[in-house]
J.: 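Quick one: the structure is below, and I'll ask about it shortly.
Each chain gets a letter, A, B and so on, in the order its sequence line appears, and its residues count up from 1. It should be emphasised that the depicted structure is a prediction, and the values quoted were computed from it without experimental measurement.
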There are 2 protein chains.
Amino acid sequence: MRELASACYRLLQNRTVFHTISIRVLPGFGQLYPSKDGGSAMFLTSNRIHGYEIARATELGEQSCLHTLFARQPVEHLTPGQSLFFEGDSAKHVFDVIEGTLRIFRIISDGRRIITGFVHAGDIVGVSLKGNYLYSAEAITATKVRRLTRKAFDMAVADSEELRPQVFAHVCDEMAAAQDQMVLLSCKNAEERLCSFLLKYLRRTMSEGALQPIVDLPMTRLDMGDYLGLTIETVSRTITKLTSKGVLGPAGRHSLRIIKPATLAQLAGDGDEYEDSRRDFVVHGERRRH
Amino acid sequence: MRELASACYRLLQNRTVFHTISIRVLPGFGQLYPSKDGGSAMFLTSNRIHGYEIARATELGEQSCLHTLFARQPVEHLTPGQSLFFEGDSAKHVFDVIEGTLRIFRIISDGRRIITGFVHAGDIVGVSLKGNYLYSAEAITATKVRRLTRKAFDMAVADSEELRPQVFAHVCDEMAAAQDQMVLLSCKNAEERLCSFLLKYLRRTMSEGALQPIVDLPMTRLDMGDYLGLTIETVSRTITKLTSKGVLGPAGRHSLRIIKPATLAQLAGDGDEYEDSRRDFVVHGERRRH
DNA sequence: CGTTCGTTTGACTCCTCTCAATGGCAGTGG
DNA sequence: CCACTGCCATTGAGAGGAGTCAAACGAACG
C-alpha cells in the first residue's frame with residue numbers, strides 16, 4: 001500500500017496539468033499534496049556506482065569534517081517541489097545540502113502527509129538508515145546539494161577515527177530532535193506548537209548572526225501544519241492570535257518578525273528556557289492545557 | 001527548570017507516604033505521576049569505572065552479538081517503579097535488559113510525562129546518546145539488567161568490525177520507531193493509536209511463538225495514555241469500545257485477548273498491512289479521521 | 001474488612017477539525 | 001495596462017473528538 005501511495009505521489013510529481021485527475025482515480029489518496037510547481041520532471045536518483053568517489057572519499061579520510069567528504073562532488077540543483085528521493089527507495093546516496101530547504105515527510109495510506117523535519121543548508125540527509133529511505137525528501141526552495149554513494153560514505157566513515165564519532169553525534173542529534181517532536185506532538189496545544197516551531201527557527205536565525213529578529217519561513221502553511229500536526233486553518237488562526245497579542249508582527253511574504261521573543265519562549269512551554277524571560281512582559285498570563 | 005522537575009521526580013521516587021505534599025509545594029508540577037510502589041529507595045547508578053570490563057569486553061570483541069558483551073556482567077534487579085537512570089544524568093552506562101519491562105520517558109515543565117517508548121527483555125538501552133541521557137528509565141515490572149560502562153561498550157564496538165554495524169542498525173531501528181511514533185501522534189485518532197499499539201504488541205507476542213493471540217500489557221492505563229498521547233479515560237473508553245465491537249476480549253488483569261487481529265490491523269490505519277486482512281470480517285467499516 | 005490504587009463510566013466543556021467563502025498576491029495573456 | 005486565473009492565506013460557522021471533572025466500581029493488600 002505504501003508503495004502505491006508512493007507511486008501515486010511520483011505520478012503527481014510527473015504530472016503536467018492533470019494533477020487533480022490522479023486524486024479522483026484513487027479515492028483513498030485524496031490529499032496527495034501536489035507540490036507548487038510540480039510541472040518539473042521527476043528527479044531520478046542515478047544508480048551509477050561512483051567507484052571513483054570511494055577512492056576520493058577515503059583519501060580525504062584524514063579531514064576533520066563530514067562536509068569535506070562532499071567537497072569535490074558536483075553540485076546538483078533542485079527546483080522548488082522537486083524530489084530528492086522517495087520513501088521506500090533503496091538508500092543509495094547520502095546528501096549534503098549546500099543551499100536551500102527541503103521537507104522530509106511520509107505519506108500514509110489515507111493520503112495524509114506527515115513532515116518529520118526540515119533540512120537546511122549545512123545539514124546532511126540520509127545517514128541514519130539501513131537499506132531503504134524511511135521518508136521522502138523534496139525541495140521547498142531552490143536547493144543545491146552534493147551527493148555521495150552510501151558505499152563511499154560508509155567506507156570513508158569506517159576508515160576514519162575522526163568521522164565516526166561525528167556520524168554518531170549526527171544520529172544522536174536526529175534522535176534528540178525526534179524526541180522533541182514527539183513531546184510537541186504528544187502534549188502541546190496549537191499555540192505551544194507554533195511557538196516552539198518559531199522559537200527553533202528564531203534561535204537558528206539569531207545564531208547565524210542575524211541583526212533583526214525576523215525568521216524566514218520558506219515553507220507554506222500546509223508544510224507547517226503537516227509538521228506540527230495541525231491544519232492550515234489552525235496554523236493561520238494561531239499566527240493571527242499571536243500577532244494580535246503583539247508577539248509577532250508581519251515582515252513580508254514568507255517572513256515573520258518576532259516582537260517578543262521571551263513571550264514566545266514562554267508560550268512554547270518548553271519550560272527550561274529562562275535566559276531572557278524578563279526581556280519583555282507577559283501580556284496574557286494564561287497557561288492552559290487542552 | 002528541567003533539573004527541577006527531575007529533582008522533584010526523584011523526590012517522589014524517594015517518598016514513603018507524603019507524595020501528595022510534593023505536588024502542592026510545586027503547583028507547576030501537578031501530575032508528577034508517582035510510580036505504583038514508589039516506596040522503594042532510589043536506585044543510584046554506580047559511578048565506579050569498571051576497568052576490568054573494558055578488557056573483558058574487547059576480548060569478547062570477536063563475538064557476533066551485542067548481548068554477548070554483557071554476558072559476564074553481574075545481573076542487577078529492579079523492583080517495579082525503580083529507576084534505572086534519570087533524564088539529564090551523564091550517560092555513563094549502557095544496559096542490556098534480560099527480563100521485564102521499562103518505560104522510557106521525559107517530564108516536561110508543567111509536570112506532564114511523555115513516554116517515548118517501552119523497553120523489553122532483549123533490548124539494549126542507552127546507546128543512541130552522547131553525554132547525557134535524554135530520558136529517564138523506570139522499571140514497570142520486576143526487571144533484570146546487566147550494565148556496561150559506555151567507555152567499555154564504545155571501545156568494544158569501535159574495535160569490532162562486526163559490532164559496529166549492529167550498533168548502527170540498532171540506532172536506525174530506534175529512529176524508525178521514533179518516526180512511526182511521530183506519525184501516530186501526528187494524525188491518528190484514539191482508536192487508531194490504541195490499535196497500532198496493540199498490534200505492535202500482538203506482532204511481538206506472536207513472533208515469540210505464542211499459541212494464543214493474547215497480549216500481555218504490563219503497564220498501566222496511565223503509561224499507555226502517556227505513550228499514545230491520550231488520557232487514561234480515553235484509553236479506557238477506547239478499549240471498552242473495541243471490546244463491544246468484538247475486536248478485543250478480556251483476558252485477565254493485565255492482558256487482552258485479540259479476537260479479530262485483522263480488524264485491529266485495519267483500524268490501526270497503517271495501511272500497508274494486507275497480509276491477513278481477510279481473516280475476519282470488518283464489522284463497522286467506518287474509517288473517519290478527526 | 002477497610003484502605004488504596006487503578007479502572008471504568010458519565011456529564012460537560014472546549015479545542016481543533018471540517019466545510020465554506022473571501023481576500024490577496026503573482027504570473028499570464030489579451 | 002488590466003482582467004483572469006490559480007494558489008495560498010485568512011476568516012467564519014458549526015460539529016465532533018478528546019480532555020476535564022467527578023463518582024462509582026473492582027481488585028489487591030495489609
J.: Sub-3.5 Å donor-acceptor pair from the side chain of B:T205 to the main-chain atoms of B:Y201, do we have one?
T.: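 A pair under 3.5 Å: yes.
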
J.: Taking the side chain as every heavy atom from C-beta outward, state whether B:L78 and B:S83 have any atom pair closer than 4.5 Å.
T.: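 Side-chain contact under 4.5 Å: no.
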
J.: I need the CZ-C1' distance between B:R221 and C:dT8, as an integer number of Å.
T.: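 Going from B:R221 (CZ) to C:dT8 (C1'), I get 9 Å.
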
J.: Atom NZ of B:K241 and atom C1' of C:dT9: how far apart are they, to the nearest Å?
T.: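 It is 15 Å, rounded to the nearest whole Å.
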
J.: Ignoring hydrogens and angles, tell me if any N or O in the side chain of B:R106 forms a donor-acceptor pair with the backbone of B:I115 under 3.5 Å.
T.: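 No, because the side chain of B:R106 does not come within donor-acceptor range (under 3.5 Å) of the backbone of B:I115.
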
J.: Taking the side chain of B:N189 as heavy atoms from C-beta outward, which of D:dA18, C:dT18, C:dG6 is closest to it?
T.: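 Nucleotide nearest to B:N189's side chain: D:dA18.
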
J.: Look at the side-chain N and O atoms of B:T234 and state whether any lies under 4.0 Å from the OP1 or OP2 oxygen of D:dG19.
T.: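 So the side-chain polar atoms of B:T234 do come within 4.0 Å of the phosphate oxygens OP1 or OP2 of D:dG19, strictly under.
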
J.: Got a donor-acceptor pair under 3.5 Å from the side chain of A:E233 to the base of C:dC19?
T.: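 Pair found.
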
J.: What nucleic acid atoms does B:L230 come within less than 4.0 Å of, heavy atoms only: base, sugar-phosphate, or nothing?
T.: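 Sugar-phosphate contact only - B:L230 comes under 4.0 Å of backbone atoms but never of a base.
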
J.: Determine: side-chain N/O of A:R237 to OP1/OP2 of D:dT11, distance under 4.0 Å, yes or no.
T.: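 Answer is no, no contact under 4.0 Å.
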
J.: Just how far, in rounded Å, is P of C:dC15 from CG of A:L194?
T.: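 Result: 17 Å.
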
J.: With under 30° as parallel and over 60° as perpendicular, where do the rings of B:Y135 and B:F85 fit, or are they tilted in between?
T.: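 The rings of B:Y135 and B:F85 sit tilted, inter-plane angle from 30° to 60°.
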
J.: In which ranges does DNA chain C form stems of 3 or more consecutive Watson-Crick or G-U pairs, distances under 3.5 Å?
T.: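 Counting only runs of 3 or more consecutive pairs, the stems involving DNA chain C are C:1-30 with D:1-30.
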
J.: If a pair satisfies salt bridge (charged side-chain N to carboxylate O under 4.0 Å, His left out) and one of its residues is in residues 213-223 of chain B, list it, with sequence neighbours excluded.
T.: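 The answer is B:R103-B:D223, B:R113-B:D223.
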
J.: Within a strict 4.5 Å, meaning less than it, do heavy atoms of the B:I104 and B:E87 side chains meet?
T.: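 Heavy-atom side-chain distance check fails, nothing below 4.5 Å.
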
J.: What's A:G225 touching, base or sugar-phosphate or nothing? Going by heavy atoms closer than 4.0 Å.
T.: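 Nothing, no nucleic acid heavy atom in range.
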
J.: For the pair A:H77 (side chain) and A:K144 (backbone), establish whether a donor and an acceptor sit closer than 3.5 Å, ignoring hydrogens and angles.
T.: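 The answer is no, because no donor-acceptor pair under 3.5 Å joins these two groups.
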
J.: I want to check one thing: is the phosphate of D:dT11, taken as OP1 and OP2, less than 4.0 Å away from some side-chain N or O of A:T240?
T.: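 It does, given that an N or O in the side chain of A:T240 lies less than 4.0 Å from OP1 or OP2 of D:dT11.
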
J.: Within the pair A:S236 and D:dT10, is there a side-chain N or O less than 4.0 Å away from OP1 or OP2?
T.: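 It does, given that an N or O in the side chain of A:S236 lies less than 4.0 Å from OP1 or OP2 of D:dT10.
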
J.: Counting side-chain heavy atoms from CB outward, which of D:dT20, C:dT16, D:dT11 is closest to B:T231?
T.: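 Of D:dT20, C:dT16, D:dT11, D:dT20 is nearest to the side chain of B:T231.
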
